[in-house]
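Computed from heavy atoms alone, side chains included, the values below leave out hydrogens, waters and symmetry copies. These numbers were taken from a predicted model, which means no experiment stands behind them. Residue numbers start from 1 in every chain, and the chains themselves are labelled A, B, ... in the order their sequence lines are given, proteins ahead of strands.
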Number of protein chains: 2
Amino acid sequence: MNAVELSGKLAAIASPHRMRIIAMLQGEPLHVSELARRMEMSRALLYMHLSKLEDAGFVTGHLELSDDGKALKLFEVLPFVLNIDPAMIVNAISQQESE
Amino acid sequence: MNAVELSGKLAAIASPHRMRIIAMLQGEPLHVSELARRMEMSRALLYMHLSKLEDAGFVTGHLELSDDGKALKLFEVLPFVLNIDPAMIVNAISQQESE
DNA sequence: CCGACCTGTAATGTTTTTATTACAGGTGCA
DNA sequence: TGCACCTGTAATAAAAACATTACAGGTCGG
């Protein structure tokens, strides 16, 4: 992982709102409207945060049909681990590309 | 470490410029002007980035006298480790305060 | 005294991020 | 048909981050 990719991922979690989203989804997938209620946040804003988390690979969402036939967009946390220390920063900077 | 502190630290490293600063200082403390030359960056801008890194506890700087008596502000990397995964995010969110 | 270094920051402009509001459209059910 | 849900996004405003320029002041050596 190069420096740009790494900083992108770090920026994606470096937000109290987004960390709270991860904490709420952890172990309990929720659909957008329900999550918006629990976060006490507008859906539009929540979508913005969810997009950043999804782009960075921390969460994933998919449409699903509820029991009564309504479409729900369920989001869940993807497993991830990032060990940040000086050596891995040096390593990221020295990477020109590659995943 | 609570969510606000953690997001502050993550935001501080979530920048290619600042990651590069850490990489350059790692193992070789440098004074501001010299680092500015190697980074090809203005001192004013470098100070802004260094302040963020110092506030977050990733680097530290102190004045020191060179051999010919001039004052130099030497910066060096402080050891740090951050293991980021869903569980530690949940933990950070559940912390109300404490260091 | 002057030139070549160094530190430190204020003021300003630009860009990006964050947040709000408003809209369009869908399903199920009484 | 009207109500209560849901998804999705465009347009806009407000706030924060980033970057540049310009200045003030210090030490040293020729």
Side-chain angles (χ1 to χ4, degrees), chain A residues 3-22 24-25 28-56 58-76, chain B residues 3-22 24-25 28-56 58-76:
Chain A
V4 173
E5 287 171 342
L6 177 55
S7 72
K9 281 175 185 282
L10 293 177
I13 21 176
S15 149
H17 276 350
R18 292 194 287 269
M19 286 177 44
R20 190 149 156 265
I21 290 174
I22 290 177
M24 281 200 164
L25 292 180
E28 179 184 26
L30 295 172
H31 67 267
V32 178
S33 291
E34 174 61 23
L35 182 57
R37 274 191 294 271
R38 298 195 188 184
M39 299 273 306
E40 293 182 300
M41 172 184 290
S42 73
R43 271 187 320 112
L45 180 54
L46 182 54
Y47 265 101
M48 187 271 281
H49 287 301
L50 282 172
S51 296
K52 295 202 171 192
L53 287 173
E54 189 165 32
D55 290 349
F58 294 120
V59 306
T60 183
H62 66 277
L63 278 176
E64 199 161 290
L65 289 181
S66 65
D67 296 336
D68 59 352
K70 286 175 184 164
L72 302 180
K73 182 118 183 198
L74 272 182
F75 273 90
E76 61 190 296
Chain B
V4 173
E5 288 171 342
L6 178 55
S7 74
K9 282 176 184 283
L10 292 177
I13 23 177
S15 151
H17 277 349
R18 293 195 286 271
M19 286 177 44
R20 191 149 156 265
I21 290 173
I22 290 177
M24 281 198 163
L25 292 181
E28 179 185 26
L30 295 171
H31 68 266
V32 179
S33 291
E34 175 60 23
L35 181 58
R37 275 191 295 271
R38 298 196 189 183
M39 298 274 305
E40 293 182 299
M41 173 184 289
S42 73
R43 270 186 321 110
L45 181 54
L46 181 54
Y47 266 101
M48 187 272 282
H49 287 302
L50 282 172
S51 296
K52 296 203 172 190
L53 287 173
E54 190 165 31
D55 289 350
F58 294 120
V59 305
T60 183
H62 64 278
L63 279 175
E64 199 163 288
L65 289 180
S66 66
D67 296 337
D68 60 352
K70 286 176 184 163
L72 302 180
K73 181 116 185 200
L74 272 182
F75 272 90
E76 61 190 295

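Between the CD atom of A:Glu64 and the C1' atom of C:dT27 there is a distance of 16 Å, given to the nearest Å. Atom CG of A:Leu30 is separated from atom C1' of D:dC6 by 15 Å (rounded to the nearest Å). Here the P atom of nucleotide C:dC29 and the CG atom of A:Asp67 are 11 Å apart, to the nearest Å. The distance from atom CZ of A:Phe75 to atom P of D:dC6 is 15 Å, rounded to the nearest whole Å. Going from atom CG of A:Asp68 over to atom P of C:dA30 covers 11 Å, rounded to whole Å. Whole-Å rounding puts the A:Leu35 CG to D:dC6 C1' distance at 14 Å. Atom CG in A:Leu74 sits about 12 Å away from atom C1' in D:dC6, given to the nearest Å. Between the CG atom of B:Leu65 and the C1' atom of C:dC6 there is a distance of 11 Å, given to the nearest Å.
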Under the criterion side-chain contact (heavy atoms from CB on, under 4.5 Å), I'd like the reasoning laid out for B:Glu28 against B:Glu76: C-alpha separation, chi angles, the key distance, then a yes or no. CA-CA 7 Å; B:Glu28 179 185 26; B:Glu76 61 190 295; over 6 Å; no
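In this structure, B:Asp67 has no side-chain contact (heavy atoms from CB on, under 4.5 Å) partners at least two apart in sequence or on a different chain.
Here the side chain of A:Lys73 pairs no donor or acceptor atom with the backbone of A:His31 at under 3.5 angstrom. At distances below 3.5 Å, at least one donor-acceptor pair connects side-chain atoms of A:Glu54 with backbone N or O atoms of A:Gly61. Using a distance-only test at 3.5 Å, with no hydrogens or angles considered, a donor-acceptor pair links the side chain of B:Arg18 to the main chain of B:Ala11.
Using a 4.0 Å heavy-atom distance criterion, B:Lys70 is classed as a base contact.
Salt bridge status for B:Arg38 with B:Glu34: present, with a side-chain N to carboxylate O gap under 4.0 Å.
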Contact letters for nucleotides 16-24 of chain D, in which S counts primed atoms plus P, OP1 and OP2 and B counts the base, heavy atoms under 4.0 Å: -SSBBB---
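Looking at A:Thr60, A:Ile21, A:Val59, A:Leu53 one by one, the single match for side chain to side chain contact (heavy atoms under 4.5 Å, CB included) with A:Phe75 turns out to be A:Val59.
When the side-chain nitrogen and oxygen atoms of B:Arg37 are compared with OP1 and OP2 of C:dC5, none of them lie within a distance under 4.0 Å. Between B:Lys73 and C:dG8 there is a side-chain polar atom (N or O) within less than 4.0 angstrom of OP1 or OP2. Phosphate contact (OP1/OP2 of D:dT7, side-chain N/O of A:Ser33, threshold under 4.0 Å): present.
Nearest to the side-chain atoms of A:His31 among the listed nucleotides C:dG8, C:dG28, D:dC6 stands D:dC6.
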